[in-house]
Amino acid sequence: MALLTQQIDPGEAGLDVKALDRLDQHFAHRVDEGRLPGFLVSVARGGRVAHLTAYGMRDVAAGLPVEADTLWRVYSMTKPMTSVAALMLVEEGGLSLDDPVGKHIPAFAEPRVYVSGSGADMVTRPAEGPMTVRHLMTHTAGLTFAFYHQHPVDALYRDAGLHSAVLPGSDLATTVDVYAGLPLQFEPGTQWNYSVATNVLGRIIEVVSGQPLDVFLGERVFGPLGMTDTGFHVSGEQEDRLAELYGDTESGGIEPIAGLPLHGRPRFLSGSGGVVASAHDVHRFMEMLRRRGELDGTRLLKPGTVALMTSNHLPGGADLRSCGSRPAHDEPGNDGVGFGLGVSVVIDPERTRDPSVRGAFGWSGVATTTFWVDPRHDLTVQFMTQVRHGTSHTVFQDLKRFVHEALSGD
C-alpha cells in the first residue's frame with residue numbers, strides 16, 4: 001500500500017490558497033448537510049501534489065473517516081484504463097484501431113442496424129461497414145445501455161437481461177456475444193452514444209493477449225505504474241478501507257445502496273466499470289498520461305499515442321452535444337467537449353458550461369468520482385466520493401470552478 005501525500009504548498013505551485021480553501025469549505029458543507037458522506041480531493045502541478053484534503057466519512061454508520069488509503073469504486077473511470085491497455089496492444093502490433101471487431105469476436109462479423117419499429121416488429125438492415133476498434137473506443141459503435149429507456153434498441157437490451165450491462169451469472173465472453181446478437185442503434189462511426197463498448201474492448205484485449213482482462217491490466221498497467229491498490233476486487237486486508245456506496249433519497253439526503261460485488265474475483269470482468277482504486281493509484285495513472293505515457297522511467301505508451309488518445313475523434317470534429325444520438329446528449333454540459341480514445345477532451349472552452357481549457361481531458365464515474373489532466377497548466381485533479389447522484393448534482397461543475405479560480409492568476 002502506498003499513500004498519496006501533499007508534497008508542496010499551493011503557493012509554490014502557483015495556486016491560490018484562498019480558492020482551494022473555498023473548494024474544501026464548499027464540499028465540507030455538503031458533507032455536513034448530509035448530501036455527501038465524505039470526499040477526497042487532490043490537485044497536483046508538475047507531478048507534485050499541492051493540495052490534498054480528506055473530509056467526512058467513508059462509512060457513515062460505522063463512523064469510519066475518509067483517509068488517504070480509502071478505496072473507491074471508480075466505475076467508468078475504468079474505461080480510460082482499459083483504453084490504455086488496448087493502445088498498448090496497438091503499439092505492439094497485435095491490434096489495429098481499424099480492425100473490424102468481428103476479426104477478434106466472430107459474433108460481431110455481420111452487425112445489423114436499427115431501421116424502424118420496436119419489439120417483434122423491429123426492422124433492421126445489414127450495417128454498411130464494419131464496427132471497428134476505433135468505434136468502440138470513441139463510443140461511436142452503435143451500442144447502447146439498457147437503462148436509457150429512450151430507444152427501441154435499449155428495450156432489447158432489457159429484454160435480453162442486460163439491465164446492468166452484464167448477463168446475470170455470465171462472464172465477459174458470453175455477455176459480449178449477447179451484445180453482438182442485438183441490433184445497433186445507428187451505423188458505426190456516425191454518432192456518439194455512451195455504451196457497453198468498453199466491455200467489448202475488454203474482451204478484445206483478452207482475445208489478443210490470451211490473458212483474462214484483470215491479469216493483463218494487473219501485469220501490464222497497474223503493476224508497472226505502482227498502482228498496488230487497484231483491481232477488480234478487494235482482498236481481506238483491503239476490505240476495511242473500502243468506502244460504502246450511497247444513493248440519493250427523496251428528502252435530499254443519502255442512504256447506503258448495493259455496489260459492485262468486490263469481495264472475491266468477479267466472474268464478469270467489466271472493462272467499462274469494474275475497478276476499485278485508491279487516490280494514490282489514480283494519481284499515478286493521471287501522471288502517466290500527463291507525462292505522455294511514461295512515469296518514473298516506466299513507459300506504457302509513446303507520446304504520439306497519448307496525443308492520439310487525447311484528441312477529438314468524433315465525426316467531423318463534432319462535440320458530444322451535436323454528435324449525440326439520444327435526447328439526453330442534447331444538454332449544455334456537452335457543448336464544446338469532444339471524445340478521444342477512452343477520454344473526453346475539451347475542444348472549444350468558450351462553449352463549455354464549466355471553466356476549462358482546450359486540450360484538458362479525463363473522465364468520471366457514476367459514484368461521483370472524476371479526474372482530469374490539464375496539459376496547458378501541467379495540472380492533474382481528482383475528486384473521490386461514493387454517491388450515485390441524480391442528474392441534477394453540480395459536484396463536477398463546482399469542482400472545476402474552484403480549481404479554475406485557483407489558477408486565475410496563471
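Quick caveat: nothing in here was measured; it's all calculated off a predicted structure.
A salt bridge links Arg291 to Glu294: one of the charged nitrogens lies within less than 4.0 Å of a carboxylate oxygen. A salt bridge is absent between Glu244 and Arg73; no separation between the charged side-chain nitrogens and carboxylate oxygens falls under 4.0 Å. Ion pair Asp354/Arg401 not flagged as a salt bridge, since none of the NZ, NE, NH1 or NH2 atoms sits closer than 4.0 Å to an Asp/Glu carboxylate oxygen. Between Arg290 and Asp374 there is no salt bridge, since none of the side-chain N atoms of the basic residue sits less than 4.0 Å from a carboxylate O of the acidic one. The pair Glu12-Arg48 meets the salt-bridge criterion, since a charged nitrogen lies less than 4.0 angstrom from a carboxylate oxygen.
A donor-acceptor pair under 3.5 Å is absent between the side-chain atoms of Asp99 and the main chain of Val133, judged by distance alone. Proximity of a side-chain donor or acceptor of Ser278 to a complementary backbone N or O of Asp281 within less than 3.5 Å is detected. Remark: the backbone N or O of Gly11 is not paired with any side-chain donor or acceptor of Asp9 at under 3.5 angstrom. With Asp171 contributing its side chain and Leu269 its backbone, the two residues share no donor-acceptor pair below 3.5 Å. In terms of modelled atom types and a separation under 3.5 Å, the side chain of Ser344 and the main chain of Phe361 share no donor-acceptor contact. Using a distance-only test at 3.5 Å, with no hydrogens or angles considered, a donor-acceptor pair links the side chain of Thr78 to the main chain of Val275.
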**Request:** Starting from the C-alpha separation in whole Å, work towards a yes-or-no answer on side-chain contact (heavy atoms from CB on, under 4.5 Å) for Val357 and Val346.
**Result:** CA-CA 7 Å; Val357 297; Val346 176; over 6 Å; no

**Asked** Taking it one step at a time, do Glu33 and Arg30 satisfy salt bridge (charged side-chain N to carboxylate O under 4.0 Å, His left out)?
**Response** CA-CA 5 Å; Glu33 287 184 326; Arg30 288 197 177 205; over 6 Å; no

**Asked** What's the verdict on ring pair (Phe, Tyr, Trp, His ring centres under 6.0 Å) for Trp363 and Phe339, showing C-alpha distance, side-chain angles and the deciding distance?
**Response** CA-CA 10 Å; Trp363 201 238; Phe339 204 83; 5.3 Å; yes

**Message:** Apply salt bridge (charged side-chain N to carboxylate O under 4.0 Å, His left out) to residues Arg321 and Asp335 and explain how you reach the verdict.
**Reply:** CA-CA 6 Å; Arg321 188 174 188 180; Asp335 275 331; 2.8 Å; yes

**Request:** Please test Ser270 against Ser272 for side-chain hydrogen bond (donor to acceptor under 3.5 Å, both in side chains), starting from the C-alpha separation and ending with a verdict.
**Result:** CA-CA 5 Å; Ser270 174; Ser272 287; 4.6 Å; no

**Derivation and outcome, side-chain contact (heavy atoms from CB on, under 4.5 Å), residues Val381 and Met286** = CA-CA 8 Å; Val381 181; Met286 290 191 296; 5.8 Å; no

**Trace of the salt bridge (charged side-chain N to carboxylate O under 4.0 Å, His left out) decision for Arg203 with Glu206** = CA-CA 5 Å; Arg203 178 56 186 157; Glu206 292 189 329; 2.9 Å; yes

**Asked** Do His151 and Asp154 pass the side-chain hydrogen bond (donor to acceptor under 3.5 Å, both in side chains) test, and can you show the C-alpha distance, the side-chain angles, and the key distance before you say yes or no?
**Response** CA-CA 5 Å; His151 191 282; Asp154 301 343; 5.1 Å; no

**Item:** Verdict with reasoning, Glu255 to Thr249, per side-chain hydrogen bond (donor to acceptor under 3.5 Å, both in side chains)
**Value:** CA-CA 7 Å; Glu255 62 183 2; Thr249 65; over 6 Å; no

**Request:** Might you work through the ring pair (Phe, Tyr, Trp, His ring centres under 6.0 Å) test for His163 and Phe147, ending with a clear yes or no?
**Result:** CA-CA 6 Å; His163 298 273; Phe147 55 76; over 10 Å; no

**Request:** Starting from the C-alpha separation in whole Å, work towards a yes-or-no answer on ring pair (Phe, Tyr, Trp, His ring centres under 6.0 Å) for Phe27 and Phe383.
**Result:** CA-CA 11 Å; Phe27 289 110; Phe383 183 91; 4.8 Å; yes

**Derivation of the side-chain hydrogen bond (donor to acceptor under 3.5 Å, both in side chains) call for Thr385 and Tyr246** = CA-CA 9 Å; Thr385 188; Tyr246 298 85; over 6 Å; no

**Prompt:** So Val282 and Met227, side-chain contact (heavy atoms from CB on, under 4.5 Å) or not? Walk me through it.
**Reply:** CA-CA 8 Å; Val282 172; Met227 297 169 65; over 6 Å; no

**Request:** For the pair Leu289 and Met309, evaluate side-chain contact (heavy atoms from CB on, under 4.5 Å) and give the outcome as yes or no after the intermediate values.
**Result:** CA-CA 10 Å; Leu289 292 175; Met309 178 185 182; 4.1 Å; yes

**Request:** Apply salt bridge (charged side-chain N to carboxylate O under 4.0 Å, His left out) to Asp229 and Arg241, showing your working.
**Result:** CA-CA 10 Å; Asp229 270 328; Arg241 296 191 280 129; 3.0 Å; yes

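When each of Thr352, Asp348, Ile347 is tested with Asp319 by the rule side chain to side chain contact (heavy atoms under 4.5 Å, CB included), just one qualifies, namely Ile347. Screening Thr144, Leu143, Thr124 against Leu184 for a side chain to side chain contact (heavy atoms under 4.5 Å, CB included) leaves a single residue, Leu143. Paired with Asp248 under the rule side-chain hydrogen bond (donor to acceptor under 3.5 Å, both in side chains), one option of His389, Arg388, Arg35 passes, and it is His389.
For the residue pair Ser76/Lys79, the side-chain donor-acceptor check at 3.5 Å is satisfied. If you check the side chains of Glu91 and Thr305, you find a donor sitting under 3.5 Å from an acceptor. Looking at His280 and Asp69, their side chains never bring a donor and an acceptor atom within 3.5 Å of each other. Using modelled atom types, one finds no donor on one side chain facing an acceptor on the other under 3.5 Å when comparing Asp177 with Thr174. Using modelled atom types and a 3.5 Å distance limit, the side chains of Tyr179 and Asn199 yield a donor-acceptor pair. Under 3.5 Å, the side chains of Glu219 and Gln211 contain a donor-acceptor pair of N or O atoms.
Under the 30°/60° scheme for interplanar angles, the aromatic rings of His26 and Phe402 are found to be tilted.
The distance from atom NE2 of His283 to atom OG1 of Thr380, rounded to the nearest 0.5 Å, is 5.5 Å.
Within a 6.0 Å radius of NE2 in His29, other residues, nucleotides and ligands contribute 12 heavy atoms or fewer. No more than 12 heavy atoms of other residues, nucleotides or ligands shown are found within 6.0 angstrom of CD on Glu350.
Annotation: side chain of His263 is not in contact with side chain of His233 (no heavy-atom distance under 4.5 Å). In this structure, the side chains of Val403 and Trp372 come closer than 4.5 Å at one or more pairs of heavy atoms. Between Asp24 and His51 the shortest side-chain heavy-atom distance falls below 4.5 Å. The shortest side-chain heavy-atom distance between Gln238 and Leu71 falls under the 4.5 Å cut-off.
Figure legend: cation-pi geometry between Arg58 and Phe39 absent, as NZ or CZ is not positioned both under 6.0 Å from the six-membered ring centre and within 45° of its axis.
In this structure Thr140 satisfies the side chain to side chain contact (heavy atoms under 4.5 Å, CB included) test together with His135, Thr138, Trp192, Leu314, Pro315, sequence neighbours excluded. The side chain to side chain contact (heavy atoms under 4.5 Å, CB included) check on Ala155 picks up Arg158, with sequence neighbours excluded.
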